[in-house]
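Note sheet for the following structure.
Read the numbers this way: they start at 1 and go in the same order the structure lists the ligands and their atoms.
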Amino acid sequence: MTTDLLSPFKLNDTLELQNRVLMAPLTRCMADDNLVPTQDMVEYYARRAQTGLIISEATIIRPDAQGYPNTPGLFTSEQIQGWKKVTDAVHANGGKMFAQLWHVGRVAHPHFFDGDVLAPSAIGVEGSVPRMRELTYITPKAATTDDIKSLVADFAKAAENAMEAGFDGVEIHGANGYLIDQFLHYAANVREDEYGQTPENMSRFALEVTDAVISAVGNERTALRLTPGAYFNMSEDSRDKAVFDYLLPELEKRDLAYLHGGIFDDSTRFDSLEGKTTSEFLRAGYQGTLVGVGSYSFETAKEAINDAKFDLIAIGRPLIANPDYISKVANNEELVAYNDEMLAKLV
Ligand code: FNR
Ligand code: 8K6
């Protein structure tokens with residue numbers, strides 16, 4: 001029997017999705033200057049409520065989490081109220097929505113806030129802020145254990161704020177070379193304390209954040225996105241695999257809503273993962289609900305889910321180009337092709 005991606009999927013006892021097609025988290029840099037979601041954002045998300053679950057664009061947990069212009073936040077009451085309008089509109093249209101909780105770590109830029117740029121270690125990245133190329137990345141400060149405690153607490157606080165804002169759950173952004181991912185990779189983590197050097201230590205921050213968020217909102221409303229193979233703001237190291245070999249079974253014990261791979265093209269194979277793709281590697285190490293992503297069409301996603309490669313699919317760029325993606329694929333209608341110029345405007 002083949003699985004119908006457009007029929008409901010029970011995530012757990014708390015959440016049932018109307019279908020298996022998720023909207024991938026997509027940074028759009030369109031919040032207002034107080035990092036509050038706008039009315040255009042309300043309408044943009046509401047138009048996509050036919051997806052099984054909308055994952056919000058990455059949303060910063062506190063001021064020093066910011067590395068891109070006009071990315072929304074979840075740490076002021078104005079931001080919470082702004083998101084409430086988004087989630088109300090999505091719910092009114094029959095959808096569900098998780099907030100993606102974000103701290104960019106060493107790719108933060110002090111242009112956006114007062115204070116230090118925090119990261120596991122004082123190792124900078126080459127390059128500059130997208131769309132603001134004059135802002136070159138600086139060498140971060142290695143977080144102290146007190147800094148780490150406050151970061152963990154602020155992830156949990158942002159998760160609580162997400163509940164107040166009416167989200168159905170949260171996806172912790174542990175992917176794509178940002179703060180949590182920086183702890184998980186040798187290229188960014190040379191700490192000599194209990195957060196570095198061994199797979200168990202390097203997984204500690206990710207697990208502390210996950211546990212704090214679970215305490216705040218419950219395991220059934222907590223998800224995590226991971227990038228085991230370094231590809232963005234990060235370089236590969238042959239030792240990385242051991243970190244994720246330790247982390248995945250630990251996560252499985254926590255019975256999350258789902259685990260999500262963070263990658264642009266899931267056919268990319270990683271030397272550091274013994275030649276596996278992101279979803280192959282995650283599936284091998286994690287038996288819970290897995291979300292695949294990365295250059296899938298509806299057809300290739302259906303094939304992958306029927307081959308048990310993962311359970312749910314997240315669609316990114318095609319949903320930028322087609323707000324009505326679900327009804328189009330349901331009716332076999334042709335999709336509008338995505339191009340980068342579409343990022344200039346919320347449609
Ligand atoms: C992304 N992606 C991304 N990932 C993430 O975890 N948080 C984010 O905020 C963003 N933002 C973002 C913005 C834009 C413009 C793009 C194109 C991508 C990655 C995204 O979620 C997804 O993994 C990729 O787009 C691959 O999926 P598709 O687009 O091939 O379906
Ligand atoms: C091109 C404009 C981007 C607009 C907002 C910034 C998006 C940041 C989110 C991370 C995704 C960036 C794309 C990276 C591609 C790497 C491919 C190997």
Side-chain angles (χ1 to χ4, degrees), residues 5 20-31 35 37 41 44-45 48 51-61 65-74 97-105 107-108 129-131 158 170-182 184 223-234 258-268 277-279 282 290-302 304-305 310 312-323 325-326 329 335-347:
L5 268 49
R20 292 182 189 236
V21 182
L22 279 46
M23 177 175 174
L26 294 161
T27 290
R28 301 303 306 269
C29 300
M30 300 272 186
L35 312 186
M41 288 167 65
Y44 160 84
Y45 282 115
R48 288 156 174 85
T51 52
L53 179 70
I54 295 174
I55 306 161
S56 80
E57 62 201 281
T59 298
I60 62 173
I61 62 162
Q66 190 176 357
Y68 302 82
N70 298 95
T71 49
L74 254 174
M97 185 164 186
F98 274 27
Q100 193 188 44
L101 303 183
W102 198 25
H103 192 301
V104 303
V107 292
V129 175
R131 297 190 180 181
V170 297
E171 176 178 288
I172 301 163
H173 196 341
N176 296 350
Y178 300 119
L179 181 66
I180 293 173
D181 197 36
Q182 289 159 25
L184 294 170
L224 176 64
R225 193 173 219 208
L226 290 177
T227 298
Y231 77 105
F232 183 57
N233 290 322
M234 188 74 74
Y258 63 82
L259 183 69
H260 188 182
I263 189 71
F264 274 72
D265 184 344
D266 195 29
S267 66
T268 309
T277 65
T278 302
S279 65
L282 293 175
L290 181 66
V291 179
V293 73
S295 301
Y296 283 95
S297 67
F298 187 70
E299 289 307 317
T300 58
K302 190 154 63 180
I305 289 175
F310 42 81
L312 301 164
I313 180 69
I315 297 288
R317 289 161 289 186
L319 259 156
I320 291 179
N322 301 272
Y325 183 89
I326 298 293
V329 296
L335 294 171
V336 174
Y338 167 85
N339 68 63
D340 286 340
E341 272 140 46
M342 294 175 178
L343 294 178
K345 207 169 136 220
L346 290 179
V347 173

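- When heavy-atom distances to ligand 1 are checked against a 4.0 Å cut-off, L26 comes that close through both its backbone and its side chain.
- Checked by atom type and distance alone, the side chain of T59 pairs as donor or acceptor with a backbone atom of E57 at under 3.5 Å.
- Heavy-atom distances between G262 and ligand 1 stay at or above 4.0 Å for every pair.
- Of all the atoms in ligand 1, the ones that sit under 4.0 Å from a non-hydrogen atom of T27 are 8 (C), 9 (O), 10 (C), 11 (N), 12 (C), 13 (C), 15 (C).
- Checking L184, N176, D181, V107 one by one against M234, the side chain to side chain contact (heavy atoms under 4.5 Å, CB included) holds for a single residue, D181.
- Taking any N or O of R225, backbone or side chain, at least one lies under 3.5 Å from an N or O belonging to ligand 1.
- Residue contacts with ligand 1, taken as heavy atom pairs separated by less than 4.0 Å, involve H173 solely via side-chain atoms from C-beta onward.
- Closest heavy-atom contact between L343 and R131: CB-NH2, 3.7 Å.
- Within the listing of ligand 1, atoms 9 (O) sit less than 4.0 angstrom from a heavy atom of A58.
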Steps toward side-chain hydrogen bond (donor to acceptor under 3.5 Å, both in side chains) verdict (N70, Y68): CA-CA 7 Å; N70 298 95; Y68 302 82; over 6 Å; no

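- Close contacts between ligand 1 and N176 involve ligand atoms 4 (N), 5 (C), 6 (O) [criterion: under 4.0 Å to a heavy atom].
- Between L290 and L282, the closest heavy-atom pair is CD1-CB, 3.8 Å.
- Contact annotation for P318 and ligand 1: only side-chain heavy atoms (C-beta onward) come within less than 4.0 Å of the ligand.
- For the pair V347 and Y44, the tightest heavy-atom approach, listed with the atom from each and the gap, is O-CD1, 3.7 Å.
- H103 and Y178 get closest at one heavy-atom pair: O-CB, 3.5 Å.
- Within ligand 1, counting atoms from 1 as listed, the ones closer than 4.0 Å to a heavy atom of I315 are 31 (O).
- The shortest non-hydrogen separation linking A175 to T227 is CB-OG1, 3.0 Å.
- Near Q100, meaning under 4.0 Å from any of its heavy atoms, are these atoms of ligand 1: 5 (C), 6 (O), 7 (N), 8 (C), 9 (O).
- Proximity of T278 to P228: side-chain heavy atoms (C-beta onward) are separated by under 4.5 Å at one or more points.
- Near R317, meaning under 4.0 Å from any of its heavy atoms, are these atoms of ligand 1: 17 (C), 25 (O), 26 (C), 28 (P), 29 (O), 30 (O), 31 (O).
- At least one N or O atom of G316, backbone or side chain, sits closer than 3.5 Å to an N or O atom of ligand 1.
- Under the 4.0 angstrom criterion for non-hydrogen atoms, I263 is in contact with ligand 1.
- Checked by distance only, ligand 1 and A314 stay at 3.5 Å or farther apart across all their nitrogen or oxygen atoms.
- In this structure, F98 and Y258 have parallel ring planes: the angle between them is below the 30° cut-off, well short of the 60° mark.
- Set against the non-hydrogen atoms of L343, the atoms of ligand 1 under 4.0 Å away are 15 (C).
- Of all atoms in ligand 1, numbered sequentially from 1 with element shown, those under 4.0 Å from a heavy atom of A24 are 21 (O).
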